Amino acid sequence: MTVTPFQQRVYAAVSLIPKGKVATYCGVADSLGCGSARAVGQALRANPFAPRVPCHRVIAASLTLGGFQGQREGAAVERKRRLLADEGVVFKAGKLAEPGRIFLFTECHHEK
DNA sequence: AGTCGCCACGAAG
DNA sequence: CTTCGTGGCGACT
C-alpha cells in the first residue's frame, strides 16, 4: 500500500484531535496549508491507519457528520455518530449540537 | 509525462 | 436544492 506524503500529513493532523472533540475537513486542510477540504476527505476515505487515526472525529464544516468508511450516508455514518456520542460529542438532527466541541488546530500553533 | 475523471468538501446561486 | 471551484490521486493514453 502506498501512502502519499500528503496523506501522512492528514493522518498526523487528525491524530492530534483529542477525544471529546472534532475537527472539520476544512480545518484539517487549512492546518496542512491545503485549500481543498475535499482532498482531505479523499485521503481519509480509505484510512489505512484505522484506530490510530480517529477519522471519525473529522466532520464537515457545515457541522454534518460527513462520511465514514467510504459512505456519505447510511449505517456507517450512524456508527460514526455513535462513536462521537460515546466521546461526548452529541449530534442533533444530523448536526453538531455543541460547536464548542470543535477542535481548532490553531491551538497547537502556539501563538507566534 | 500529460490528461481525464473521481472524491467522506465548501461556498455560491 | 444545484453548480462551480478547489487540490490531490488513480487510471489511461
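Numbered from 1 within each chain, the chains take letters A, B, ... in sequence-line order. Since we're looking at a predicted model, the values are computed, not measured.
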For this session: Provide the closest heavy-atom pair for A/Thr2 versus A/Gln7 in the form atom of the first, atom of the second, distance.
Result: O-OE1, 3.7 Å

For this session: Linking directly or through intermediates, with side-chain heavy atoms under 4.5 Å: list the remaining ILVMFWY members grouped with A/Val90, chain and number order.
Result: none

Exercise. Of the non-hydrogen atoms in A/Val28 and A/Ala23, which two are nearest, and what is the gap between them?
Worked result: CG2-CB, 4.3 Å

Problem set entry | By side chain to side chain contact (heavy atoms under 4.5 Å, CB included) - contacts of A/Ala85 (at least two apart) | none

Problem set entry | Pairs touching residues 17-30 of chain A that satisfy side chain to side chain donor-acceptor pair (under 3.5 Å), sequence neighbours left out | none

Polar atoms only, N or O, under 3.5 Å: list the protein pairs with nucleotides 1-5 of chain C and their distances.
from, atom 1, to, atom 2, distance (Å)
C/dG5, O6, A/Arg38, NH1, 2.8

Please output the side-chain donor-acceptor pairs of residues 33-47 of chain A that fall under 3.5 Å, not counting sequence neighbours, one pair per line with the distance.
from, atom 1, to, atom 2, distance (Å)
A/Ser36, OG, A/Arg38, N, 3.4
A/Ser36, OG, A/Ala39, N, 3.4
A/Asn47, OD1, A/Phe49, N, 2.9
A/Asn47, ND2, A/Phe49, O, 3.4
A/Asn47, ND2, A/Val53, O, 3.3

Exercise. What's the shortest heavy-atom distance between A/Ile59 and A/Leu63, and which atoms?
Worked result: CD1-CA, 4.2 Å

Exercise. Any ring-ring contact (aromatic ring centres under 6.0 Å, His included) pairs touching residues 73-98 of chain A, not counting sequence neighbours?
Worked result: none

Exercise. Would you say A/Phe68 and A/Tyr11 are hydrophobically clustered, going by side-chain heavy atoms of ILVMFWY under 4.5 Å?
Worked result: no

Seminar exercise, completed: Students should find that the nucleotides of DNA chain B closing off the region near chain A, any atom under 4.0 angstrom from a heavy atom, are B/dC6 to B/dG10

Could you pull out the protein-nucleic contacts involving nucleotides 8-12 of chain C (nitrogen or oxygen on both sides, under 3.5 Å)?
from, atom 1, to, atom 2, distance (Å)
C/dG8, N2, A/Gln42, OE1, 3.1
C/dG8, N2, A/Gln42, NE2, 2.6
C/dG8, N3, A/Gln42, OE1, 3.1
C/dC9, OP1, A/Thr4, OG1, 2.5

Exercise. Considering all heavy atoms of both residues, which atom of A/Pro54 and which atom of A/Arg52 are nearest to each other, and what is their separation?
Worked result: CD-O, 3.2 Å

Seminar exercise, completed: Output field dot_bracket for DNA chain C (Watson-Crick or G-U, both distances under 3.5 Å, | for other-strand pairs) contains |||||.|||||||

Seminar exercise, completed: Residue pairs meeting salt bridge (Lys or Arg N to Asp or Glu O under 4.0 Å), one or both in residues 62-75 of chain A, sequence neighbours left out, come to none

For this session: Tell me which residues in residues 60-87 of chain A put a heavy atom below 4.0 Å from DNA chain C, sorted by number, or none.
Result: none

Problem set entry | side chain to side chain donor-acceptor pair (under 3.5 Å): pairs with one or both residues in residues 77-90 of chain A, sequence neighbours excluded | A/His56-A/Glu87, A/Arg57-A/Glu87, A/Gln69-A/Arg79

Exercise. Among the clusters formed by ILVMFWY side chains lying less than 4.5 Å apart, do A/Ile17 and A/Leu96 turn up in the same one?
Worked result: no

For this session: Please examine the side chains of A/Leu32 and A/Phe105, heavy atoms only from C-beta on, and report whether any two atoms are closer than 4.5 Å.
Result: no

For this session: Indicate if A/Val22 and A/Leu83 have the same hydrophobic cluster label, given that clusters are the connected sets of ILVMFWY residues with side-chain heavy-atom separations under 4.5 angstrom.
Result: no

